[in-house]
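Here's the structure, in structure tokens; my notes come after.
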There are 2 protein chains.
Amino acid sequence: MQVYVNPRINEDIYLKDPIQSDLGKKIIFSSVNLVNTLGFDKFNFKKLGAEIKSTEASIYRYFPNKERLLIYLSAWYWETKNYLIVSKTNSITDPREKLTKAIKALVNVTEEMQSQNILELHQLQAIVTQEFYKITRTKRCSSHNESGYFESFKRLCTSISDIIKEIDPDFKYPITMATSLIEMSISNNFCSSNLPSLTEIQCGEDKRKQIEDMMTYFCERLLVRCKK
Amino acid sequence: MQVYVNPRINEDIYLKDPIQSDLGKKIIFSSVNLVNTLGFDKFNFKKLGAEIKSTEASIYRYFPNKERLLIYLSAWYWETKNYLIVSKTNSITDPREKLTKAIKALVNVTEEMQSQNILELHQLQAIVTQEFYKITRTKRCSSHNESGYFESFKRLCTSISDIIKEIDPDFKYPITMATSLIEMSISNNFCSSNLPSLTEIQCGEDKRKQIEDMMTYFCERLLVRCKK
DNA sequence: AAATATATGATAGTATTACTATCATTGTCA
DNA sequence: TGACAATGATAGTAATACTATCATATATTT
């Protein structure tokens, strides 16, 4: 029997909880595919309705607009990553090892992760890589933040910055560094495919391994102080 | 007499060079204001036409769509920053001092910079901060890159990564670090205003100074190796 | 079993957007 | 004088992002 760990998503994000109904599940499940194929800009509820043999109006009963659906999918992704990082690191005592594990969990998508999740994590990662800035860099961002739409992402930042603080309590910018690390993982994933001259990461089989190594390299330099 | 240094912009970005005509200059000049007030999403050529007492159709003769106008404005900004960084650092021999100057030039907008530029640099910085990802994180990004639309940004990355290489020729990821530094400057500027829990930078008078200090702090840790 | 509520479907309609197309007017330069 | 380039004026179109209404099927309560 399969046990799924559905992440807890802030209920202000949706109008009606999609995981509580067949139609709702179809909506989030299919949107992951469709956003990936079309790109978020060309994606809309009419097309999604056609895809799942339902209607535009029915989807609007779950999400007030497509932006909120994207916010929902992103929250799902970050919440999943955070859950993973917390559960993979809380039994470890050495904070440096914690950070290594956290980076691994952040960058990779394993069979084990996927088996616990009803949404396709590779596709979800591709969406976040391509589209996450479309929800965070807007004029509405401040008010969305106040509504708690970015809680999952912020929790993840906090988890990572906590580890950073454990390693080097004197480090002046743990939160910025955590945010920056997450952004690096997204950015380099994107750039290696689309703007290759902006990163040393090469597209290919071991891309995630390369990103993992790179992030570890940065962390070592930023946090491992020489004994004076 | 005022001497303006107009950055050289890849001519494939526009249909007709805006700095060669009165209307063209009005278009780029006013768009900086209007994009800032409305945000790029609600900005359009009809509204811009009304603003400059011209028409939608006339503006479409300069730019094929509003995205390309944003690409143009971004290129202008990055080209300006790169020109500044190059001219401020080429007489310096100590590469560490070079990097400090480069960071300063990247983060700040001074009277001196502004006096040489016909576009309002503070507003341009605000636009890049808010909207830059809307042109780089798209499905069209790869093909835009092949058309050379991001040359200015890439030149800036190269300038900075060259300095990094001078400081530490063994550093494994100079390009990634350069890209990441620029992204940090944008991100922290944005987050301090809109997502304050994601950064240590506080909004206020000395915000740019804080960002400058933070970036220098990161660079010191990443590049200054302890002698073994 | 009847009454009621809830979820979904079917359909229509609207304001806005992002253009494209056409033709008229004005100024400029040879 | 004539030709051409730049701009303006106006109209039109397909797609988008919704909103509204009504019908129907199914589940729940009494």
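Quick caveat: nothing in here was measured; it's all calculated off a predicted structure. Within every chain, numbering begins at 1; the chains are lettered A, B, ... in the order of the sequence lines, protein sequences first and strands thereafter. Below, each value reflects all heavy atoms present in this structure, side chains not excepted, and no hydrogens, waters or symmetry copies.
- Nucleotide C/dT17 holds its P atom 13 Å from the CZ atom of B/Phe40, rounded to whole Å.
- Rounding to whole angstrom units, OH of residue A/Tyr62 and C1' of C/dT6 are separated by 11 Å.
- Remark: the backbone N or O of A/Asn117 is paired with a side-chain donor or acceptor of A/Gln114 at under 3.5 angstrom.
- In the set C/dG9, C/dC23, D/dT16, D/dT16 carries the atom at the smallest distance from any side-chain atom of A/Asn44.
- Comparing D/dC18, C/dA10, D/dA6 against the side chain of A/Ala57 picks out C/dA10 as the nearest.
- A/Phe63 comes within contact range of no nucleotide atom at all, as no heavy-atom separation falls under 4.0 Å.
- Phosphate contact (OP1/OP2 of D/dT7, side-chain N/O of B/Ser54, threshold under 4.0 Å): absent.
- Residue A/Glu120 holds its CD atom at 12.0 Å from CD1 of A/Ile118, rounded to the nearest 0.5 Å.
- Atoms CG (B/Asp22) and P (C/dG27) sit 14 Å apart, rounded to a whole Å.
- Atom pair A/Phe43:CZ and D/dC18:P shows a separation of 12 Å (rounding to whole Å applied).
- Whole-Å rounding puts the B/Lys26 NZ to D/dG8 C1' distance at 12 Å.
- Out of D/dA6, C/dA18, C/dT8, the shortest distance to the side chain of B/Glu56 is found at C/dA18.
- Residue A/Ile52 contributes atom CD1, which lies 8 Å from atom P of C/dG9 at whole-angstrom precision.
- Closest approach of A/Ser192 and A/Thr199 over heavy atoms only: N-CG2, 3.7 Å.
- By the 4.0 Å N-to-carboxylate-O rule, B/Lys26 lies too far from B/Asp22 to be salt-bridged with it.
- Considering only side-chain N and O atoms, A/Lys16 lies under 4.0 angstrom from the phosphate OP1 or OP2 of C/dT8.
- Between B/Ser21 and D/dA6, a side-chain N or O to OP1/OP2 separation shorter than 4.0 Å is absent.
- Closest contact between the side chain of A/Arg61 and the listed nucleotides D/dA17, D/dT21, C/dT17 involves D/dT21.
- Neither OP1 nor OP2 of C/dA21 sits under 4.0 Å from any side-chain N or O of B/Tyr60.
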I would like to know whether A/Lys66 and A/Asn44 meet side-chain hydrogen bond (donor to acceptor under 3.5 Å, both in side chains); could you show each step before the answer? CA-CA 7 Å; A/Lys66 67 174 186 168; A/Asn44 64 42; over 6 Å; no

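- Contact annotation for A/Lys42: no contact, since no heavy-atom pair falls under 4.0 Å across all strands.
- In this structure, CD of B/Gln20 is placed 17 Å from P of C/dT28, rounded to the nearest angstrom.
- Using a 4.0 Å heavy-atom distance criterion, A/Lys46 is classed as making no nucleic acid contact.
- In this structure, B/Leu23 atom CG and C/dT28 atom P are separated by 15 Å, rounded to whole Å.
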